There are 2 protein chains.
Amino acid sequence: MQKDKKQLLLDAALKLFVEYGFHGTPTSLIAKEAGVANGTLFHYFKTKDELIVALYVDIKNRMAAYVFENAKGQATFKETVKEQYLASLFWAQDNQLQYRFAEQFKNSPYLSQIAPDEIEASVKPFHDMLRMGIKEGVIKSQPVELLFTIISSHAYGINQYFMSTNFSKAKQHQVISDSFEMLWAMLT
Amino acid sequence: MQKDKKQLLLDAALKLFVEYGFHGTPTSLIAKEAGVANGTLFHYFKTKDELIVALYVDIKNRMAAYVFENAKGQATFKETVKEQYLASLFWAQDNQLQYRFAEQFKNSPYLSQIAPDEIEASVKPFHDMLRMGIKEGVIKSQPVELLFTIISSHAYGINQYFMSTNFSKAKQHQVISDSFEMLWAMLT
DNA sequence: ATTATGACTGACTAAACAGTCAGCAAATTT
DNA sequence: AAATTTGCTGACTGTTTAGTCAGTCATAAT
């Protein structure tokens, strides 16, 4: 039983988009790489843009699911934040293509095709959590949007660092763990 | 005396690339926006790719010049780092188009068209400075690449935050200044 | 005054592209 | 067994695109 063709198309598109960019990748090449006919792409996605947006939404959902799955049921606030931070970076580590695609997408004009309230909804759980931390007096009283952005971009930076080095997985885990303690010091 | 046509083309390309993306912007539209003939673009830039890369290099140089100009001659290490950090963010504030273009470029496959040693050279002054700080025992003893990436992405985060808010310039300056102190606490 | 130069033009072309569509073959329903 | 549906195909098309090039014109050199 092989993967269904929709998934094959998404996999092929991901790989090619990261390598050649959105418009540097013709739909014909995506179909070829996926091993399906040209028209099949348009059977599953009305337009190329729809494929690009669908791919982004799919990746975002998978990452969010992974982070929440791995960070649930922590005893303290700090442990919750830490596990979410670690899970994000571990996910990025194991899904470099997805991560790079997401960054490319976020910095492109395609981002405007995602409804603002959809973006809003995806960050809400994190904002709520941070609000709780402030209420409990564990972290600094600052706008949660600012705190969340700082945490996210800190993780982004660590990931960039890994992309330019050649650390073993164990070494990377070490750096991630250390970097969280630096980050935490900044938040409290 | 009007700007020369090369600069008009770069200005037009910048505006359109940020709005429509690299491949979403035909060369014909760039020429039209610049108010020059179609062929003039190819008189100054052999290919569209060359224009894109030239635009990035130009922007990077301008930003670097601004940062160094504004941060030179500080008395202490901390003040030097702080002024460079502030200057970067002030520049981004006053050059939103340039900043967004640079981010789009950095996260695209075009980045690979910049020679690694050129990238290396552009970050070297910062690495050297950080090395000095470590030697003097002012900041944490960590790989300078890591420290620099953390500082850069912290600034990136603050800028992202500004893009989703509507603060006055004064308020933004306040946030930038505060955020540096948080960052500094993390580095020492 | 004549010639030479080089920035600039814009009509043009070959190639590439996203998207269409008539229809096929296998599975499912009747 | 016939009819219908469904997932898929790939040749095709109208449009758009990057890049070309023969030639214009203002300025500068002789």
Side-chain angles (χ1 to χ4, degrees), chain A residues 1-59 101 104-105 107-114, chain B residues 1-59 101 104-105 107-114:
Chain A
M1 176 63 192
Q2 79 159 2
K3 279 179 179 174
D4 72 10
K5 307 206 170 185
K6 189 173 179 177
Q7 194 57 50
L8 286 172
L9 280 163
L10 286 170
D11 291 349
L14 172 63
K15 182 187 156 192
L16 294 168
F17 284 152
V18 170
E19 189 166 359
Y20 304 114
F22 300 130
H23 294 264
T25 307
T27 51
S28 56
L29 189 62
I30 298 172
K32 196 178 169 192
E33 172 84 19
V36 304
N38 216 306
T40 307
L41 191 153
F42 294 96
H43 177 71
Y44 287 109
F45 307 97
K46 265 212 289 290
T47 64
K48 186 182 180 182
D49 278 17
E50 193 179 299
L51 164 65
I52 293 172
V53 172
L55 184 53
Y56 176 71
V57 171
D58 182 51
I59 287 173
F101 172 84
Q104 195 176 322
F105 185 94
N107 287 287
S108 81
Y110 284 102
L111 182 60
S112 62
Q113 289 186 35
I114 306 279
Chain B
M1 177 64 189
Q2 80 159 4
K3 280 180 179 176
D4 73 7
K5 306 204 170 183
K6 190 173 178 177
Q7 194 56 50
L8 286 171
L9 281 163
L10 287 170
D11 292 348
L14 172 63
K15 182 187 155 193
L16 294 169
F17 284 153
V18 170
E19 188 166 358
Y20 305 114
F22 301 129
H23 294 265
T25 306
T27 52
S28 56
L29 188 61
I30 298 173
K32 196 178 170 190
E33 171 85 19
V36 304
N38 215 305
T40 307
L41 191 153
F42 293 96
H43 177 72
Y44 286 108
F45 308 96
K46 266 212 289 290
T47 63
K48 186 183 180 183
D49 278 17
E50 194 179 298
L51 163 64
I52 293 171
V53 173
L55 183 53
Y56 176 71
V57 171
D58 183 52
I59 287 173
F101 172 84
Q104 194 176 321
F105 185 94
N107 287 287
S108 81
Y110 284 102
L111 182 60
S112 63
Q113 289 188 35
I114 307 279

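Chain naming here is simple, since letters A, B, ... match the order of the sequence lines and numbering starts at 1 in each. Bear in mind that the values here come from a model prediction, so they are computed numbers and not experimental data.
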Visitor: Using whole Å, report how far NZ of K5(B) lies from P of dA26(D).
Guide: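 Computing the K5(B):NZ to dA26(D):P distance gives 12 Å.
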Visitor: Given L10(A) and L14(A), is the side-chain contact (heavy atoms from CB on, under 4.5 Å) satisfied, shown in steps?
Guide: CA-CA 6 Å; L10(A) 286 170; L14(A) 172 63; over 6 Å; no
Visitor: Nearest-Å distance, NE2 (H43(B)) to P (dT5(C))?
Guide: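 Going from H43(B) (NE2) to dT5(C) (P), I get 16 Å.
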Visitor: Checking side-chain contact (heavy atoms from CB on, under 4.5 Å) for the pair L51(B)/Y56(B): CA distance, chi angles, key distance, verdict?
Guide: CA-CA 9 Å; L51(B) 163 64; Y56(B) 176 71; over 6 Å; no
Visitor: What string of B, S and - do you get for nucleotides 16-23 of chain D, 5' to 3', when a contact is any protein heavy atom under 4.0 Å?
Guide: -SBBB---
Visitor: Mind checking what makes salt bridge (charged side-chain N to carboxylate O under 4.0 Å, His left out) contact with E33(B), not counting sequence neighbours?
Guide: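 With neighbours one apart ignored, the set is K15(B).
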Visitor: The test is side-chain contact (heavy atoms from CB on, under 4.5 Å); show your working for L29(B) and L16(B) and say whether it passes.
Guide: CA-CA 8 Å; L29(B) 188 61; L16(B) 294 169; 4.0 Å; yes
Visitor: Mind telling me whether F105(A) and F22(A) have parallel, tilted or perpendicular rings, with 30° and 60° as the class edges?
Guide: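 Judged by the thresholds at 30° and 60°, the geometry between F22(A) and F105(A) is perpendicular.
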Visitor: Could you tell me how far apart L41(A) (CG) and dA18(C) (P) are, to the nearest whole angstrom?
Guide: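 About 9 Å, once rounded to whole Å.
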Visitor: Hey, what's the ring geometry for F17(B) with F101(B), parallel, tilted or perpendicular (30° and 60° as the breaks)?
Guide: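 F17(B) vs F101(B) ring planes: parallel.
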Visitor: Check the phosphate of dG10(D) against K32(A), side-chain N and O only, distance under 4.0 Å to OP1 or OP2. Yes or no?
Guide: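 So the side chain of K32(A) is outside the cut-off, no N or O lying under 4.0 Å from OP1 or OP2 of dG10(D).
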Visitor: Atom CG of L16(A) to atom P of dA18(C): distance rounded to whole Å?
Guide: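 Value for this atom pair: 12 Å.
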Visitor: Please give, in whole Å, the distance from dG10(D) P to L9(A) CG?
Guide: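 The answer, rounded to whole Å, is 13 Å.
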Visitor: Please report the distance, rounded to the nearest Å, between CZ in F45(A) and P in dG7(D).
Guide: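 Rounded to the whole Å, the gap is 15 Å.
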